[in-house]
Amino acid sequence: MGDVTASELTLEEKASLTSGADFWHLKGVERLGIAQIMVTDGPHGLRKQGGDTDHLGLAGSVPATCFPPAVALGSSWDAALAERVGIALGVESAIEDVAVILGPGINIKRSPLCGRNFEYFSEDPIVSGVMGTGLVLGIQSQGVGASLKHFAANQQETDRLRSSSDVDPRALREIYLRGFERVVRDAQPWTVMCSYNRINGVWASEDPWLLTQVLRGEWGFEGLVVSDWGAVHDRLLGLPAGLDLEMPASGGRTDAQLVAAVQDGTLDEGALDVAADRVLDLIRKAQARPAASGPLDVDAHHALAREAAGRGIVLLRNQGELLPLSPDQRIAVIGEFARTPRYQGAGSSQINPTRLENALDAIRAVAGADVPFAPGFSLDAATEPGASSSADAAALRAEAVALAAEVDVAVIFAGVPAEEESEGFDRQHMNLPTAQLELIEDVLAVNSNTVVVLSNGGAVVMPFAGTVPAILEGWLLGQAGGTATADVLFGAVNPSGKLTETIPLRLEDNSAFGTYPGELGHVRYGEGVLVGYRWYDVKKLHVAFPFGHGLSYTTFAYGDAAAAVAASGDVVVTVPVTNTGRVSGREVVQVYTSFEGASVVHRAPRELKGFAVVALEPGETAEVEVVLRRAELAYWDVRIDDWVLEGGTYGIQVGASSRDIRATTSIALDGDAVRIPISLDSSIEELLADPKAGPGLRAAIDERFGRTEADGMLRLVGNFPVGRLDGFPLPHDEMVEFVERAQNGGGR
Ligand code: BGC
């Protein structure tokens with residue numbers, strides 16, 4: 001296709017390029033040798049459909065490695081691991097001649113109920129951004145494009161194609177867009193996928209502010225914006241707003257609309273050229289990929305899936321060092337999920353795995369084929385919380401309890417039934433099925449050495465968190481999750497995963513409770529920036545397990561932390577960390593900041609700003625360095641619509657979790673100069689704070705009232721707009737002069 005540009009295309013050809021040929025292909029232009037390229041889901045494996053096509057994961061797809069979904073991969077907090085998974089995804093895409101894999105999804109987990117939380121990384125934007133960057137860099141290193149999705153503020157499945165996410169600008173910038181900004185700046189994804197929803201009433205698919213001003217103008221995005229499948233609401237508004245490609249095919253209907261609009265002058269042909277050129281550019285990039293040769297190294301990718309799964313498991317609790325297990329112990333495996341694993345979520349991300357391992361086989365491979373098993377519950381049973389259990393459930397439970405009573409350790413595999421978690425709808429509650437909770441309770445009553453292993457895409461409440469001695473949060477671990485679980489249970493892998501989302505005591509404690517999933521087409525993000533741990537911390541709420549929590553089979557000691565400002569303005573935090581236990585292990589060192597002193601904006605008690613993963617042998621110490629980007633220390637100032645780094649002292653908290661702070665220090669930072677435009681609507685206090693007008697105004701007020709009287713009076717009325725009280729504190733024309741002096745340095 002060479003260097004073909006839109007200028008060589010007919011109007012019809014240009015319009016045709018900007019929508020899909022079918023479900024998964026873009027259109028080409030035959031006469032110019034421009035081929036059709038294929039895009040395919042994503043995100044944690046390749047879902048390439050050959051026969052029937054759909055975007056809901058209904059029809060089959062070619063076998064591909066099912067890596068751990070984002071919920072588990074994210075728990076590794078390891079961008080390098082994400083990059084390796086990304087490389088593998090790129091390789092599989094290349095072998096299947098897929099130009100773009102539709103992921104990663106990096107939306108913030110606002111509520112544990114979002115049906116798609118398993119596809120997302122975190123309630124925190126830095127974790128989401130760092131992990132998303134790793135995946136994109138990996139995928140694109142193979143000459144395959146990524147599609148960063150779902151842009152933006154898409155936190156729910158309920159009415160997802162219409163609902164308006166009503167978010168204040170600060171929360172939007174600091175929480176919901178920050179991760180996207182990081183990935184765009186650091187990894188330049190080939191494509192960004194706009195979401196279905198509206199943001200503050202404007203469709204994401206036709207929002208010039210979102211798709212052009214912010215994404216391209218501010219962040220420097222150079223790729224192509226594709227619609228989520230069916231997200232186009234009005235193509236004639238979308239295209240000039242920055243939506244380059246409509247997917248899937250529109251049957252030519254919307255292409256014809258574009259042609260007609262150019263012809264009747266309502267659409268600038270230049271806008272169509274820009275979009276068509278971006279499509280051409282994408283096709284060119286895809287074709288530059290060196291031909292990949294198969295077959296896929298299934299074993300190697302499976303091994304990587306196993307490694308990643310092991311890194312995603314979070315050891316929540318380990319009283320009395322019940323874990324790791326020894327193969328010599330008499331172990332009973334209980335729970336249907338041990339035999340019938342839940343390893344991914346439903347919907348468009350559903351992969352047809354190359355192989356599938358279950359934990360029961362994996363445990364038997366280590367501890368002997370005679371390790372007994374009891375299903376404990378049925379996956380077909382009613383799942384409503386509080387539903388009284390049936391006779392069948394009681395029988396299954398009794399069998400399991402009898403087995404548990406005879407062994408040294410009972411390992412229960414519990415989890416959320418598959419039908420409760422999916423793209424397309426949200427969860428109704430955070431509870432495990434009653435039958436499972438009763439099983440856990442009864443097993444624990446006969447065997448105090450009980451381990452619970454959880455399989456769930458979204459967080460669940462754990463009424464047993466204080467009684468069951470050992471709990472592994474397995475999330476959804478992909479096709480090798482069964483073996484990876486055995487690796488962790490027996491200590492072949494020392495767990496190092498940390499929670500990327502808080503596990504609350506109750507759903508009602510979550511910041512979105514009461515506003516999620518909205519009503520009558522709107523969901524109000526009323527908690528503003530106080531999402532996830534920021535909320536639990538500011539409200540001083542007890543939680544089951546805090547953000548960042550995760551135990552290890554070894555222990556780590558933190559030395560004194562130090563912080564310094566680098567030439568770039570970034571803050572570099574260093575802290576020595578020592579493995580003080582008996583086995584090698586990995587620690588995720590987390591750095592949170594707080595603003596000490598009165599801030600001009602409400603701030604959470606601590607905010608994650610950086611982290612690092614360090615692997616240490618027993619006795620080994622490493623000097624861990626974590627960079628906090630100056631730009632990410634800034635808050636979004638709605639007065640000037642810009643980022644502001646507030647000058648002052650920042651507390652730095654280095655922790656093993658958000659509530660296990662091991663070292664603290666602080667750093668004084670020079671702030672950004674903020675010039676708040678002064679007008680007659682500015683308050684007297686604001687005018688007094690202005691460097692040009694303030695000192696003179698203060699002198700004049702003191703002269704008129706005397707210093708002490710002026711102080712008392714200003715406390716009372718300093719918040720009055722300057723032009724509101726005629727003659728007060730100075731005659732109106734004098735006040736106007738000070739305002740002008742502030743505005744342009746004029747006046748006296
Ligand atoms: C999902 C996207 C997915 C697309 C194509 C949509 O319904 O929201 O994440 O990439 O379908 O399957």
Side-chain angles (χ1 to χ4, degrees), residues 19-26 37-62 64 66 69-71 89 93 96 98-109 114-121 128 132 135-136 139 144-163 165 180 183 189-199 203-205 223-233 243 245-250 282 344-352 421-426 457 517:
S19 73
D22 56 28
F23 232 86
W24 301 120
H25 291 89
L26 276 62
I37 59 169
M38 184 177 205
V39 302
T40 270
D41 283 305
H44 53 267
L46 196 67
R47 188 173 67 97
K48 183 185 175 189
Q49 296 184 315
D52 290 347
T53 52
D54 67 86
H55 61 302
L56 300 173
L58 303 175
S61 52
V62 299
C66 179
V71 62
L89 292 171
S93 304
E96 289 292 339
V98 167
V100 176
I101 178 164
L102 303 175
I106 64 158
N107 297 80
I108 291 291
K109 302 185 195 206
C114 173
R116 253 184 134 168
N117 272 358
F118 65 88
E119 277 190 71
Y120 301 142
F121 289 105
S128 306
L135 271 177
V136 173
I139 293 167
V144 171
S147 196
L148 186 66
K149 67 189 189 182
H150 307 89
F151 191 57
N154 176 196
Q155 268 63 50
Q156 65 188 57
E157 295 301 286
T158 307
D159 206 15
R160 66 170 163 155
L161 278 92
R162 298 182 308 180
S163 176
S165 301
F180 284 97
V183 182
W190 289 10
T191 75
V192 165
M193 185 191 292
C194 78
S195 55
Y196 287 128
N197 53 290
R198 294 175 291 153
I199 304 171
W203 300 94
S205 62
L224 166 142
V225 176
V226 56
S227 72
D228 198 344
W229 269 230
V232 171
H233 168 251
L243 175 67
L245 173 64
E246 170 175 14
M247 284 303 284
S250 72
L282 180 70
Q344 63 177 336
S348 63
S349 68
Q350 198 157 312
I351 309 306
N352 174 17
E421 286 185 305
S422 171
E423 175 178 344
F425 57 87
D426 293 313

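Computed over heavy atoms, backbone and side chain alike; hydrogens, waters and symmetry mates excluded. When a ligand or atom number is given, it counts from 1 through the structure's own listing order.
Heavy-atom separations between Arg47 and ligand 1 include at least one value shorter than 4.0 Å. Not a single heavy atom of Met247 lies less than 4.0 angstrom from ligand 1.
Using a 4.0 Å cut-off to heavy atoms of Lys149, the atoms of ligand 1 that qualify are 2 (C), 3 (C), 9 (O), 10 (O). Close approach of ligand 1 to Met193 is summarised as follows: ligand atoms under 4.0 Å from at least one heavy atom of the residue are 10 (O). Proximity to Leu102 (heavy-atom distance under 4.0 Å) selects the following atoms of ligand 1: 10 (O). Of all the atoms in ligand 1, the ones that sit under 4.0 Å from a non-hydrogen atom of His150 are 2 (C), 8 (O), 9 (O). Those atoms of ligand 1 with a heavy atom of Tyr196 less than 4.0 angstrom away are 6 (C), 7 (O), 8 (O).
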* Would you sort out whether Ser128 and Ile108 count as a side-chain contact (heavy atoms from CB on, under 4.5 Å), showing the intermediate values? => CA-CA 7 Å; Ser128 306; Ile108 291 291; 3.9 Å; yes
* **CA sep, side-chain torsions, deciding dist, call: Trp229, Met193, side-chain contact (heavy atoms from CB on, under 4.5 Å)** => CA-CA 9 Å; Trp229 269 230; Met193 185 191 292; 3.8 Å; yes
* Check step by step if side chain to side chain donor-acceptor pair (under 3.5 Å) holds for His150 and Arg160. => CA-CA 11 Å; His150 307 89; Arg160 66 170 163 155; 5.9 Å; no
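Contact check for Gln155 versus Cys114: no side-chain heavy atoms found under the 4.5 Å cut-off. Between Leu135 and Phe121, the closest side-chain pair of non-hydrogen atoms falls below 4.5 Å. Between Ser349 and Asp41, every side-chain heavy-atom pair lies at or beyond the 4.5 Å cut-off.
With a 4.0 Å heavy-atom cut-off, ligand 1 is reached by the side chain of Arg160 but not by its N, CA, C or O.
Considering backbone and side-chain atoms together, Trp24 places no N or O closer than 3.5 Å to any N or O of ligand 1. Some N or O of Arg116 is nearer than 3.5 Å to an N or O of ligand 1, by distance alone. Checked by distance only, ligand 1 and Glu423 come closer than 3.5 Å through their nitrogen or oxygen atoms.
Nearest to atom 11 (O) of ligand 1 by heavy-atom distance, out of Val39, Asp228, Ile101, is Asp228.
Residues passing the side-chain hydrogen bond (donor to acceptor under 3.5 Å, both in side chains) test with Ser422: none are found, sequence neighbours excluded.
Taking both residues in full, the closest heavy atoms of Lys149 and Pro43 are given as CE-CG, 4.1 Å, listed atom of the first, atom of the second, then distance.
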